[in-house]
S.K.: 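Supplied in structure tokens, the structure appears directly below.
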Protein chains: 2
Amino acid sequence: MNPGENAMKIGELAARTGVSVRSLRYYERQGLLTPLREANGYREYSPLAVETVETIKLYLNLGLSTEEIAGFLHCVLKNKEAFCAEVMPLYRSKLEEIERQIVELSQIRLNLQQRMAAMQQEQMESGTTERGTAELENS
Amino acid sequence: MNPGENAMKIGELAARTGVSVRSLRYYERQGLLTPLREANGYREYSPLAVETVETIKLYLNLGLSTEEIAGFLHCVLKNKEAFCAEVMPLYRSKLEEIERQIVELSQIRLNLQQRMAAMQQEQMESGTTERGTAELENS
DNA sequence: CTTGACCCTGACACTGGTGTCAGGGTTTAT
DNA sequence: ATAAACCCTGACACCAGTGTCAGGGTCAAG
């Protein structure tokens, strides 16, 4: 009945979450995870740590950095997301950033597609003018 | 009439192309640019170097790396792109990569939008169940 | 001869999460 | 007591292009 009854060590947490031992230590250094220590210095994780790590994975997959996650993880672990004031502005700016990136990539895609089409044209026609690297200027 | 008549030094090339001196030296180390050297060790660029740098910029803007560019720059500087065999496969794989990235970002965008919508819902309704971080799972 | 504007090389920093190695302790089972 | 399987910390590498600093030449104008 004492606390730490079914605590686990880092290897087990890694196995349960699919996150490498290396990454778990990194998350700790970033302030996302704060395990107790056994007398021998080994990290001691409560069963709740599994949920915490899953939550961290979820936010990392959204493109948030560990530093950003650190700003609200504590809150979302005990409340619904909607009641953590830090989350919404972060989502907003992240969404804008993602959209900027999509626009940028779309422009590159268009440029590539046009250049490829032009190349195939020229290979068909095979041979009139010379030099032509810079006419489809750029993004 | 001797060669090097209107050659320029690195600072002038940087000014004409808008590329930093630092980057010009980097391009050289990557094998993209091979200026002569004056007796004092200064780099000596022919006027053609301006075009070369513009071409490099163009390909960098397409998302190609200096290493990739090095593989075909020589060819495209003297022929039309269409006649450089290395270019098309590179464009193809780059296009695929870009499209993968766009898909990935689009998924994140959707996930963010859904979470934001859900948060606003919950704030309206304000208050029934508890805990809800992981229901819109992830990308 | 001095000042200032150029030029040279080499090297570290940054981004950010992860792999991996070195060098060393602990625990458990045989 | 020894081997195997864990655990610990600290540090370098990666990607890739750019900024920036240190420490030092070169050259032209005053």
Side-chain angles (χ1 to χ4, degrees), chain A residues 4 7-45 49 53 55-71 73 90 94 97-98 100-101 104 108 138-139, chain B residues 4 7-45 49 53 55-71 73 90 94 97-98 100-101 104 108 138-139:
Chain A
M8 64 193 120
K9 297 206 284 292
I10 197 167
E12 188 179 345
L13 181 58
R16 286 205 200 171
T17 59
V19 168
S20 71
V21 168
R22 176 69 176 85
S23 294
L24 292 176
R25 296 203 187 106
Y26 178 71
Y27 298 162
E28 179 176 345
R29 177 160 295 266
Q30 300 309 111
L32 300 182
L33 222 42
T34 317
L36 300 174
R37 295 293 182 134
E38 297 175 10
N40 56 16
Y42 288 11
R43 289 170 179 80
E44 180 181 274
Y45 296 93
V53 173
T55 304
I56 293 169
K57 283 169 64 176
L58 184 149
Y59 288 115
L60 285 177
N61 281 336
L62 282 177
L64 303 184
S65 68
T66 53
E67 189 182 354
E68 289 167 330
I69 296 170
L73 181 62
L90 203 46
K94 185 56 72 176
E97 186 187 326
I98 298 282
R100 264 197 312 278
Q101 289 175 12
E104 192 179 333
I108 294 175
N138 62 24
S139 61
Chain B
M8 64 192 120
K9 297 204 285 292
I10 199 168
E12 188 178 345
L13 182 58
R16 286 204 199 172
T17 59
V19 169
S20 73
V21 168
R22 176 68 176 86
S23 294
L24 291 175
R25 296 203 188 107
Y26 178 71
Y27 297 162
E28 180 177 344
R29 178 161 295 266
Q30 300 309 110
L32 300 181
L33 222 41
T34 317
L36 301 174
R37 295 294 182 132
E38 297 175 12
N40 57 18
Y42 288 12
R43 289 169 179 82
E44 181 181 274
Y45 295 93
V53 173
T55 304
I56 293 169
K57 282 169 64 176
L58 186 149
Y59 287 115
L60 285 178
N61 280 336
L62 282 177
L64 303 184
S65 68
T66 55
E67 189 182 355
E68 288 167 330
I69 296 170
L73 181 62
L90 203 47
K94 185 56 71 175
E97 185 187 326
I98 299 282
R100 264 198 312 279
Q101 290 176 12
E104 191 179 333
I108 293 176
N138 63 25
S139 59

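Within every chain, numbering begins at 1; the chains are lettered A, B, ... in the order of the sequence lines, protein sequences first and strands thereafter. Owing to the predicted nature of the structure, the values given are computational and were not obtained by experimental measurement.
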S.K.: Report yes if at least one side-chain N or O of A:Asn40 is closer than 4.0 Å to OP1 or OP2 of C:dG25; otherwise report no.
M.R.: no
S.K.: Does anyone know the first and last nucleotide of DNA chain D in reach of chain A, 5' to 3', at under 4.0 angstrom to a heavy atom?
M.R.: D:dC6 to D:dA11
S.K.: Cut-off 3.5 Å, no hydrogens considered: what does the side-chain donor-acceptor table look like for residues 18-29 of chain A, sequence neighbours left out?
M.R.:
| residue | atom | partner | partner atom | Å |
| --- | --- | --- | --- | --- |
| A:Ser20 | OG | A:Ser23 | N | 3.1 |
| A:Ser20 | OG | A:Ser23 | OG | 3.0 |
| A:Glu28 | OE1 | A:Arg43 | NE | 2.5 |
| A:Glu28 | OE2 | A:Arg37 | NH2 | 3.3 |

S.K.: Specify the separation, in whole Å, of atom CD1 of A:Ile56 and atom P of C:dG17.
M.R.: 11 Å
S.K.: Assuming nearest nucleotide by heavy-atom distance, tell me which of A:Tyr42 and A:Ser23 is located more 5' along DNA chain C.
M.R.: A:Ser23
S.K.: A:Lys94 side chain to A:Leu64 main-chain N or O, any donor-acceptor pair under 3.5 Å?
M.R.: no
S.K.: Go through the structure and list residues passing side-chain contact (heavy atoms from CB on, under 4.5 Å) with B:Glu67, not counting sequence neighbours.
M.R.: B:Ser65
S.K.: At 4.0 Å (heavy atoms only), tell me whether A:Arg25 reaches a base, stays on the sugar-phosphate, or touches nothing.
M.R.: base
S.K.: Measuring only between side-chain heavy atoms, which start at C-beta, is A:Glu12 closer than 4.5 Å to A:Lys9?
M.R.: no
S.K.: Mind running a 4.0 Å heavy-atom check of residues 14-22 of chain A against DNA chain C and sending the residues that fall below it, in number order?
M.R.: A:Ser20, A:Arg22
S.K.: Any non-hydrogen side-chain atom of A:Gln101 less than 4.5 Å from a side-chain atom of B:Gln101?
M.R.: no
S.K.: To the nearest Å, how far apart are A:Arg43 CZ and C:dG25 P?
M.R.: 17 Å
S.K.: What pair of heavy atoms forms the shortest contact from A:Gln30 to A:Ala70, and how long is it?
M.R.: O-CB, 4.0 Å
S.K.: So for the helix from C:dC1-D:dG30 to C:dT30-D:dA1, with five pairs setting each end axis, what is the inter-axis angle to 10°?
M.R.: 40°
S.K.: Below 4.0 angstrom, which residues in residues 30-39 of chain A have at least one non-hydrogen atom near DNA chain D?
M.R.: A:Arg37
S.K.: Can you find a side chain N or O atom of A:Tyr27 that sits less than 4.0 Å from OP1 or OP2 on C:dT18?
M.R.: yes
